[in-house]
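Below, read A as the first sequence line, B as the second, and so on, with proteins coming before strands; counting in each chain starts at 1.
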Protein chains: 2
Amino acid sequence: MMSDAPGGESLLFLTDEQLRQGIEAMFFAYRGFTADPDRILAGMAYGRAHHRAIHFINRAPGTTVNNLLILLGVTKQSLNRVLRTLVEDGLVESKVGKSDKRERHLYLTEAGEALERKLSDAQRARMRAAYRAAGPQAVAGFRQVLEAMMDNDLRRKYQVLKDSGT
Amino acid sequence: MMSDAPGGESLLFLTDEQLRQGIEAMFFAYRGFTADPDRILAGMAYGRAHHRAIHFINRAPGTTVNNLLILLGVTKQSLNRVLRTLVEDGLVESKVGKSDKRERHLYLTEAGEALERKLSDAQRARMRAAYRAAGPQAVAGFRQVLEAMMDNDLRRKYQVLKDSGT
DNA sequence: CAGTTTAAGTCAGTCTTGTTGACATTCCAA
DNA sequence: TTGGAATGTCAACAAGACTGACTTAAACTG
């Protein structure tokens with residue numbers, strides 16, 4: 001089916017045209033990837049930034065603001081605005097650190113967890129459908145290429161998260 | 001919790017944990033994907049929006065404004081702001097349509113093509129490295145999952161572009 | 001032909017999310 | 001103990017998206 005050009009495929013499959021198709025696929029797919037949570041959040045006063053914060057706080061409860069902003073790749077000022085509204089609205093709790101009182105440790109409240117579930121359910125449903133359509137083998141390849149595409153420091157952070165999952 | 005189906009790797013590989021890893025991989029990879037062009041554009045007065053416009057005008061020379069804004073998924077007001085600066089700066093040419101004079105057909109000037117090359121060279125280099133690291137089989141899977149992740153109407157548009165690529 | 005629709009552009013205002021700069025608090029090490 | 005580094009907050013601003021209202025020109029349609 002797919003293995004064409006025996007011998008020369010390692011050259012053939014790296015044509016500019018093939019690469020460009022990959023670039024465009026990435027662009028369109030990311031739109032689909034964010035579409036469902038975006039729709040949910042559009043109603044409330046929240047956006048993608050809030051989703052990301054909620055996701056990673058859920059992922060690593062008790063994480064500090066500094067941790068979070070490195071993961072998200074934004075300035076602390078930018079993250080702070082998002083965090084402030086989430087705390088005000090009672091979705092996130094911010095606790096002063098015990099050993100280091102400069103730090104704030106972040107946790108989702110019950111309401112925060114409820115929203116997180118709503119958002120990630122939608123995103124997982126999309127992911128699940130795509131995985132099902134493509135099959136297990138394709139999923140393995142998908143993950144390999146994505147990991148290779150990350151910046152080095154982000155790949156490390158991703159690996160840490162991944163390993164902490166189980 | 002989850003009942004583990006006997007010999008059911010097709011079930012096992014769709015655990016919430018696996019899906020979540022895919023979601024995070026997508027998030028981090030997209031950051032890498034856009035990092036290089038973003039760095040190049042940061043110096044000039046341009047941003048990601050300009051890159052996208054330039055990319056698709058290069059991809060389909062003579063495309064109309066309406067075509068473009070459907071492809072990009074933004075409003076005409078938003079696209080117009082970007083397009084206006086590109087035309088003013090002599091990177092894009094806007095020609096009144098021959099058969100339908102309401103339409104404007106968009107083309108890159110030489111300067112526009114030069115910038116397009118600079119941007120896509122950087123992005124292709126990243127893509128090429130990721131493809132090389134992951135291997136041909138992984139690339140096929142990568143593309144399959146991405147296509148399955150797109151919204152239906154975008155997938156159609158993506159296919160049209162892909163087929164027009166040669 | 002008159003009336004409607006379509007394509008493009010513009011103006012004004014808002015929202016989200018990113019940025020810098022200035023600043024307070026806390027910790028730690030010289 | 002004092003000065004620097006780390007952590008987080010507040011304020012102001014910019015980019016880029018959005019909606020809504022409107023104009024102009026051209027094409028289509030009954």
| Cationic N near anionic O, under 4.0 Å, B:Arg128 to A:Asp16 | yes
| task | Classify the ring geometry between B:Tyr131 and B:Phe142 as parallel (under 30°), tilted (30 to 60°) or perpendicular (over 60°). | result | perpendicular
| Heavy-atom pair with the smallest gap, counting every atom of A:Ala111 and A:Gly90 | CB-O, 3.9 Å
| said: Between A:Glu24 and B:Arg59, does the side-chain contact (heavy atoms from CB on, under 4.5 Å) criterion hold? Intermediate values first, please. | reply: CA-CA 10 Å; A:Glu24 288 174 357; B:Arg59 188 71 193 73; 3.0 Å; yes
| field | Pairs flagged by salt bridge (Lys or Arg N to Asp or Glu O under 4.0 Å) wherever residues 40-58 of chain B is involved - sequence neighbours left out | value | B:Asp38-B:Arg48
| message | A:Asn80: which residues meet the side chain to side chain contact (heavy atoms under 4.5 Å, CB included) condition with it, sequence neighbours left out? | response | A:Arg84
| In terms of ring plane angle, is the pair B:His51 and B:His55 parallel, tilted or perpendicular, where the classes change at 30° and 60°? | perpendicular
| field | Strand contacts (DNA chain C) in residues 85-109 of chain B, 4.0 angstrom heavy-atom criterion | value | B:Arg102, B:Glu103, B:Arg104
| Any salt bridge (Lys or Arg N to Asp or Glu O under 4.0 Å) pairs touching residues 138-154 of chain B, not counting sequence neighbours? | A:Arg126-B:Asp151, B:Glu147-B:Lys162
| Between which nucleotides of DNA chain D, 5' to 3', does chain B make heavy-atom contacts below 4.0 Å? | D:dG16 to D:dA27
| query | Once the angle between the rings of B:Phe28 and A:Tyr158 is folded into 0 to 90°, is it parallel (under 30°), tilted (30 to 60°) or perpendicular (over 60°)? | reply | perpendicular
| query | Nucleotide by nucleotide, 5' to 3', does protein get under 4.0 Å of the base (B), only the sugar-phosphate (S), or neither (-) in nucleotides 11-19 of chain C, counting heavy atoms? | reply | B----SBBB
| request: Nearest 0.5 Å please: distance from the CD atom of B:Glu88 over to the CG atom of B:Leu83. | output: 10.5 Å
| field | OP1 or OP2 of C:dT6 under 4.0 Å from side-chain N/O of B:Asn66 | value | no
